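Whatever order the structure lists them in is the order used to number ligands and atoms, beginning at 1. Remember, predicted model here, so these are calculated numbers, not experimental data.
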Amino acid sequence: MKKIKAAIIGFGIGQKHFEAIHNFKNSQVQIICEKNLTKLVALKKKFPNIKITDNEKDIFSNKDINLVSIASYDDDHYHQVLQSIKYKKNIIVEKPMCLTEKELRHIKKLILNSKLKITSNLVLRVNNLFMNIKKKIDNDKIFYIEADYIWGRKEKLFGWRSKIKNYSLILGAGIHVIDLVMWLLKKRPISVFAFANDIATTKSIFKKKSMALIVLEFPGNIIAKITANGAAIHQHFHELKIFTKNKTITNSLNGSFTFTKNNSKINKYDYPDKTNRKKLIQNFLESIIDHKKKHIISHKDQFDLMSVCFAAEKSIKINKKIKIKYF
Ligand SMILES: NC(=O)c1ccc[n+]([C@@H]2O[C@H](COP(=O)([O-])OP(=O)(O)OC[C@H]3O[C@@H](n4cnc5c(N)ncnc54)[C@H](O)[C@@H]3O)[C@@H](O)[C@H]2O)c1
């Protein structure tokens with residue numbers, strides 16, 4: 001494939017997809033689908049040379065489009081992924097790729113039987129700070145990790161996230177730090193025990209759990225404690241502590257530090273790192289154009305990650321530690 005001809009569905013975070021794709025090397029966004037009429041009018045004015053529509057069929061029926069970037073609400077993703085596969089279009093899909101195990105199994109089967117590529121927008125993997133931390137711990141003997149996704153945007157739970165049927169804080173938010181931990185360890189967990197509550201949102205229109213604690217056991221007895229905290233009054237933050245035999249690396253509001261036996265040092269990396277965000281999508285575009293180029297997140301990584309999230313949800317429901325089944 002020589003040229004990416006893309007379409008975007010949903011123009012919230014989808015705007016970031018647009019900025020990453022449009023005019024990157026040979027890539028062009030040719031269609032934007034947005035169902036909010038006010039936004040639709042504004043988009044038509046802003047992009048007179050791009051087809052703006054509220055009907056996704058305009059994308060799937062267009063033979064030229066070879067990439068669909070899905071940034072709609074979580075409960076639309078599955079169906080839009082299936083349509084993209086049916087009409088032979090590569091896929092960028094916002095996390096989560098789908099909302100049930102059955103849907104995941106179906107997508108996996110279809111993707112593996114096609115030549116198409118799919119990626120989820122797990123942006124922490126291209127964050128400068130976390131990339132540098134990964135290099136620092138590459139050969140270290142890690143025994144424990146803590147990772148907290150402190151969303152700090154509680155009001156977001158009261159919009160479309162309150163209305164959709166299967167919204168999950170683990171699939172919608174915790175997924176970022178679960179991926180971060182699996183990527184840092186280069187391992188997938190064996191079992192999970194998770195707990196959740198809704199204390200901070202009980203009287204609101206959001207009827208799901210708004211805080212979750214997830215304990216993962218990895219091969220070699222490594223333990224990770226992860227939180228998906230949708231309720232915190234806090235700035236948006238990814239707090240991290242990695243304990244190895246010889247050092248500890250942390251990212252907190254005070255900065256990022258490396259502690260060794262004899263001293264502690266502050267790490268000088270940008271955080272939050274907005275500049276690198278485009279890299280994940282742009283690396284995916286390159287991997288579509290050049291099949292030899294590997295994408296930052298393999299298909300296997302994405303399906304394994306979703307399996308861990310579903311297992312964590314199940315553990316909350318049955319209040320038991322469970323062995324993770326990988327599809
Ligand atoms: N990777 C990340 O860091 C990250 C960050 C934020 C949101 N997200 C994900 O992105 C998705 C969208 O979230 P958001 O924050 O942009 O929401 P948003 O409400 O800010 O924007 C969504 C936009 O998509 C439009 N839309 C929704 N469904 C549509 C459909 N079927 N067809 C056309 N337009 C549609 C809405 O009208 C709205 O304008 C969610 O799945 C969310 O989980 C990911």
Cluster check Phe193, Ile175: I/L/V/M/F/W/Y, side chain < 4.5 angstrom: no
In terms of atom number and element, which parts of ligand 1 are under 4.0 angstrom from non-hydrogen atoms of Asp74? 40 (C), 41 (O), 42 (C), 43 (O)
Considering non-hydrogen atoms of the protein only, which is the closest contact for atom 34 (N) of ligand 1, and what is the distance? Lys35 N, 3.2 Å
Check: Thr53 side chain, Cys33 main-chain N or O, donor-acceptor pair, under 3.5 Å: no
What do we get for Glu94 next to ligand 1 when only non-hydrogen atoms under 4.0 Å count, side chain, backbone, both or neither? side chain
Hey, is His176 one of the residues with a heavy atom under 4.0 angstrom from ligand 1? yes
To the nearest 0.5 Å, tell me how far Ile145 CD1 sits from Ile242 CD1. 5.0 Å
Trp183 six-ring face occupied by Lys134 cation (under 6.0 Å, within 45°): yes
Answer yes or no: is there a side-chain heavy-atom contact under 4.5 Å between Arg188 and Lys300? yes
Kindly say whether the aromatic ring centers of His234 and His236 come within a distance under 6.0 Å. no
What protein heavy atom is closest to atom 37 (O) of ligand 1, reported as residue, atom name and distance in Å? Glu34 OE2, 2.4 Å
How long is the straight-line distance from OG of Ser120 back to CE of Met306, given to the nearest 0.5 Å? 7.0 Å
Note: ligand 1 atoms sitting under 4.0 Å from heavy atoms of Phe11 are 23 (C), 24 (O)
Check if Gln15 has a non-hydrogen atom at a distance under 4.0 Å from any atom of ligand 1. no
So CD1 of Ile170 and OG of Ser315: to nearest 0.5 Å the spacing works out to 8.5 Å
Does Ile13, backbone or side chain, put an N or O under 3.5 Å from an N or O of ligand 1? yes
Contacting atoms of ligand 1, where contact means under 4.0 angstrom from a heavy atom of Asn36: 37 (O)
For the residue pair Asn254 and Phe257, establish whether any side-chain heavy-atom pair is separated by less than 4.5 Å. yes
Short version for Ala71: what comes under 4.0 Å of ligand 1, heavy atoms counted, is backbone
Can you classify the ring geometry of Phe18 versus Phe11 as parallel (below 30°), tilted (30 to 60°) or perpendicular (above 60°)? perpendicular
Please could you name the atoms of ligand 1 that Tyr73 approaches to less than 4.0 Å, counting only its heavy atoms? 19 (O), 22 (C), 27 (C), 28 (N), 36 (C), 37 (O), 38 (C)
Going by heavy atoms in the side chains, are Tyr149 and Thr227 under 4.5 Å from each other? no
Would Arg125 pass as a cation-pi partner of Phe130, given that its NZ or CZ must be under 6.0 Å from the six-membered ring centre and within 45 degrees of the axis? no
Does a side chain donor of either Tyr78 or Gln80 reach within less than 3.5 Å of an acceptor in the other side chain? no
Give me the residue, atom name and distance of the protein heavy atom closest to atom 28 (N) of ligand 1. Ser72 CB, 3.3 Å
Ile9 and ligand 1 - part of the residue with a heavy-atom distance under 4.0 Å: side chain
Give the residue, atom name and distance (to 0.1 Å) of the protein heavy atom nearest atom 31 (N) of ligand 1. Asp76 OD2, 2.9 Å
Mind checking whether Arg277 contacts ligand 1 via backbone (N, CA, C, O), side chain (CB onward), both or neither, at a 4.0 Å heavy-atom cut-off? side chain
Closest protein heavy atom to atom 19 (O) of ligand 1, given as residue, atom name and distance to 0.1 Å: Trp160 NE1, 3.3 Å
For atom 21 (O) of ligand 1, the protein heavy atom that lies nearest, with its residue and separation: Gly12 CA, 3.3 Å
Close-contact set for ligand 1 against His77 heavy atoms, below 4.0 Å: 41 (O)
Sub-4.0 Å heavy-atom approach of Gly172 to ligand 1: no
How far is atom 39 (O) of ligand 1 from the closest protein heavy atom, and which atom is that? Lys39 NZ, 2.7 Å
Identity and separation of the nearest protein heavy atom to atom 26 (N) of ligand 1: Gly10 CA, 4.0 Å
